[in-house]
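I have placed the structure first, in the form of structure tokens, so that the comments after it can refer back to it.
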Amino acid sequence: MPTRLTNYFLKTLREDPSDAEVTSHRLLVRAGYIRRQAPGIFAWLPLGLRVKSKIEAIVRDEMTNAGAHEVHFPALLPKEPYEVTGRYVDYGDGMFRLNDRRGVGYVLAPTHEEVFTLLVKDLYSSYKDLPLSIYQIQDKYRDEARPRAGLLRGREFTMKDAYSFDYTDAGLDASYQAQRDAYERIFTRLGLEYVIVKADAGAMGGSKSEEFLHPTPVGEDTFVRSAGGYAANVEAFTTLVPDARPSEGLPAATVFDSPHTPTIQTLVDLANAEQPRDDGRAWVAGDTLKNVVLAVTQLDGTRELVVVGMPGDRDVDLKRAEVAFQPAEVEAANEDDFALHPGLVKGYIGPWSEGGAAVLGEKGSTGIRYLLDPRVVDGTEWITGANLHEKHVFGLVAGRDFVGDGWVEAANVKDGDPAPDGSGPIETARGMEIGHVFQLGRKYAEALGLKVLDENGKLVTVTMGSYGIGVTRILAIIAELNNDDKGLIWPAAVAPFDVYVVATGRDETVYAAAEQIVLDLEAAGNEVLFDDRPKVSPGVKFGDAELIGVPKIVIVGRGVADGVVEVWDRKSGDRSEAAVDAVVAAL
RNA sequence: CGGGGCGUAGCUCAGCUUGGUAGAGCGCUCGGUUUGGGACCGAGAGGUCGCAGGUUCGAAUCCUGUCGCCCCGACCA
């Protein structure tokens, strides 16, 4: 039974919807694939659903190849499992919560680690049952502070989430690798460029984690890569730590007057004017030690000040700092914070005071925790604040004159920074997350009590992995990538139909010929959308055909009198003629 | 949560400054003409102007409040 436009549920819009800004959103709404229901929540119309199903079919196929089995959980779940693992609190406002008529708490699941773990716990108790990989394709709910860009960041979105269960670390490695390989095949089949980067495990917990990022300037993630093959999310980037240097023989630190030095640059200028270096090289921002006061707020609300010392040519990257202090929130200290700590002389903060007493650090006079950038290794010399108004100090030596309470990755990453694995300088780029693979380890199994008996009859805690792909986000990215001024241009692998047949004119023989062509195409295994609308002008039909973006378009019109039809290739725009009875071969 | 913009017909918007019986284009219905690039003629249907209060003889228009949506930022897959 051909799919006919005369009874299909489709209405294209002549004008762009006013609430759609990004290309994918605009075109998917205009071409009749989706409709907005609420911010970040969309209804799927027949065309959209077909594309979504095509993507899901590829995902299912590769999950099967990876040995994973499909299951399906509810999206609506009791809150208890999430309370046990702590994520009911950790997720904060990001989780949709509701109560039933008796007041019992439920959540709309943002992700399903807990219930998968509990299901396996229910059924399995032996190492002989493992390894196991199961997955679902299910809608997820996250109450985003600001949904945006249509499908790219919604509050409801479809995700394939897979979970692996092993009782050995080696088993987890193998399960992880199988999913990782499957992801590579999926993105290749979808024609999506991707970069695999080291990722921060974030609130999910666990150890090893990699993200699949689609490189695009509009991406929300920043990642770095080196020519030598290093790739990481900027949040997971680790600094290459220089070797410590001997501090013997370095001159003693000296305090100097430094009025009117509100910025690092003015301090550097003053230093060059007052105290030029012996070797003739000018002082630069990287020779100064900048001490930034951060306020770190734990989940329970306790607020702690922390001073981070880093080279003056760096700034605090709050996202990296959040990772370093997670799950706490990090922000710049405010006036109230300073008021509580009169020992901090704003603009002249440093770890050392004249005479050598420590100011910062748990043993310093302020008692404020002092964390250092990894570049501040023992034996490095710095220009930094002297904790006196309008005074700085020269030649303060790390390890000799001051020590920190530890190290922290809170400084921003710059193009040209060395990769930590020695593979050369890195460059930064933007990307959109399309997949994420995690080795969760035993965090969830531990919290929820998932254990099995091993070969020796001993109870061991299961080790898990979690693997996600954003199905609807991928659909949006494909739309974002494949379009022109006329509309969408679907790659064959995910197109809602293979061929779009248009009958023009009002000649009965034309429609009869078109009917036959549709049947021929379907018999040859093509999915066909047939524009059989009788009272629509050709211009409208052509416009819709191009807007909808099916890869091949067959125009059946006046050429039928001569036994020919026109075949358009949507992507290249190429047009050729084909005999009415040989359309299948002409595609 | 901070900043900006916008809520008027199914869609895209004008009207608001300067208060006086609610408009256009597209879409939709009917009749006719037209049929290879978003046709034309004629006749229609369709709106508590986001909501509430206020000012006024009279409010889409002025005032106050409120709700919603979009964009930028913060945050997040």
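Chain letters run A, B, ... following the sequence lines, proteins first and then strands; every chain starts at 1.
- Here the separation of B:rA24 from B:rG68, taken at their C1' atoms, is 26 Å to the nearest Å.
- Figure legend. B:rA45 is base-paired to no nucleotide; pairs are counted as Watson-Crick or G-U wobble with both atom distances under 3.5 Å.
- On the P atoms, B:rA43 is 32 Å away from B:rC51, given to the nearest whole Å.
- When the P atom is compared between B:rC75 and B:rA14, the two are found 35 Å apart, to the nearest whole Å.
- With both ends at atom P, the span from B:rG46 to B:rG58 equals 29 Å, rounded to whole Å.
- With a cut-off of 3.5 Å on both pairing distances, the Watson-Crick or G-U wobble partner of B:rG23 is B:rC13.
- Taking the C1' atoms as reference points, B:rU21 lies 26 Å from B:rC28, given to the whole Å.
- Under the salt bridge (charged side-chain N to carboxylate O under 4.0 Å, His left out) criterion, the residue pairs touching residues 20-41 of chain A are A:Asp16-A:Arg26, A:Asp16-A:Arg30, A:Asp19-A:Arg36, with sequence neighbours excluded.
- Classification of A:Arg155 and A:Glu144 as a salt-bridged pair fails, no side-chain N sitting under 4.0 Å from a carboxylate O.
- Each of A:Gly154 and A:Glu546 was assigned the nucleotide of RNA chain B with the nearest heavy atom; the assignment lying further toward the 5' end belongs to A:Glu546.
- Base pairing of B:rC6 is made with B:rG68, judged by Watson-Crick or G-U wobble geometry with both donor-acceptor distances under 3.5 Å.
- Judged by Watson-Crick or G-U wobble contacts below 3.5 Å, the nucleotide B:rU18 has no partner.
- Atom C1' of B:rC30 sits at a distance of 10 Å from the matching atom of B:rA45, rounded to the whole Å.
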Exercise for the section: For salt bridge (Lys or Arg N to Asp or Glu O under 4.0 Å), just list the numbers for A:Asp373 and A:Arg314, CA-CA rounded to whole Å, side-chain angles, deciding distance to a tenth of an Å, and then say yes or no. Expected result: CA-CA 10 Å; A:Asp373 183 85; A:Arg314 303 271 161 181; over 6 Å; no
Tell me which donor-acceptor pairs under 3.5 Å the side chains of residues 468-476 of chain A have, and how far apart each pair is, sequence neighbours excluded?
from, atom 1, to, atom 2, distance (Å)
A:Thr472, OG1, A:Thr158, N, 3.0
A:Arg473, NE, A:Leu152, O, 3.0
A:Arg473, NH1, A:Glu433, O, 2.8
A:Arg473, NH2, A:Leu152, O, 3.1

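- For A:Glu515, the side chain to side chain donor-acceptor pair (under 3.5 Å) partners at least two apart in sequence or on another chain are A:Arg4.
- As judged by a 4.0 angstrom heavy-atom cut-off over every strand, A:Glu566 is placed among the base-contacting residues.
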Scan nucleotides 38-40 of chain B against the protein and return all N/O pairs shorter than 3.5 Å with their distances rounded to 0.1 Å.
from, atom 1, to, atom 2, distance (Å)
B:rG38, O2', A:Arg14, NH1, 2.9
B:rG38, O2', A:Arg14, NH2, 3.0
B:rG38, N2, A:Val540, O, 3.3
B:rG38, N2, A:Asp544, OD1, 3.3
B:rA39, OP2, A:Ser537, OG, 3.2

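- Within residues 549-557 of chain A, the residues approached by RNA chain B to less than 4.0 Å at the level of any non-hydrogen atom are A:Ile555, A:Gly557, in residue-number order.
- Under the rule for a salt bridge (Lys or Arg N to Asp or Glu O under 4.0 Å), the partners of A:Glu114 that lie at least two apart in sequence or sit in another chain are A:Arg87.
- By the salt bridge (Lys or Arg N to Asp or Glu O under 4.0 Å) test, A:Arg570 pairs with A:Asp484, sequence neighbours left out.
- In terms of the salt bridge (Lys or Arg N to Asp or Glu O under 4.0 Å) criterion, residue partners of A:Lys414 (sequence neighbours excluded) are, by chain and number, A:Asp313.
- Using a 4.0 Å heavy-atom criterion, one finds that A:Pro110 contacts no nucleic acid atom at all.
- Ion pairing between A:Glu210 and A:Arg180 holds under the 4.0 Å rule for side-chain N and carboxylate O.
- Applying the side chain to side chain donor-acceptor pair (under 3.5 Å) criterion to A:Ser164, with sequence neighbours excluded, gives A:Tyr467.
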Taking distance alone, no hydrogens or angles, what donor-acceptor pairs closer than 3.5 Å link side-chain atoms of residues 493-512 of chain A to residues at least two apart or in another chain?
from, atom 1, to, atom 2, distance (Å)
A:Asp498, OD2, A:Glu527, N, 2.7
A:Thr504, OG1, A:Val556, O, 3.4
A:Asp507, OD1, A:Thr509, N, 2.9
A:Asp507, OD1, A:Thr509, OG1, 2.9
A:Asp507, OD2, A:Thr509, OG1, 3.2
A:Tyr511, OH, A:Gly505, O, 3.3
A:Tyr511, OH, A:Arg533, O, 3.2
A:Tyr511, OH, A:Lys541, NZ, 3.2

So which protein N/O to nucleotides 68-75 of chain B N/O distances come out below 3.5 Å?
from, atom 1, to, atom 2, distance (Å)
B:rC72, OP2, A:Arg146, NH1, 3.3
B:rC72, OP2, A:Arg146, NH2, 2.9
B:rC72, N4, A:Arg146, NE, 3.4
B:rA74, N6, A:Arg148, NH2, 3.3
B:rC75, N4, A:Arg148, NH2, 2.9

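- Comparing B:rU66 with B:rA59, their P atoms are spaced 23 Å from each other, to the whole Å.
- Under the salt bridge (Lys or Arg N to Asp or Glu O under 4.0 Å) criterion, A:Arg60 pairs with A:Glu56, A:Glu70, not counting sequence neighbours.
- Look at B:rC40: its Watson-Crick or wobble partner, with both distances under 3.5 angstrom, is B:rG32.
- Across the P atoms, B:rG15 and B:rU61 are found 15 Å apart, a figure rounded to whole Å.
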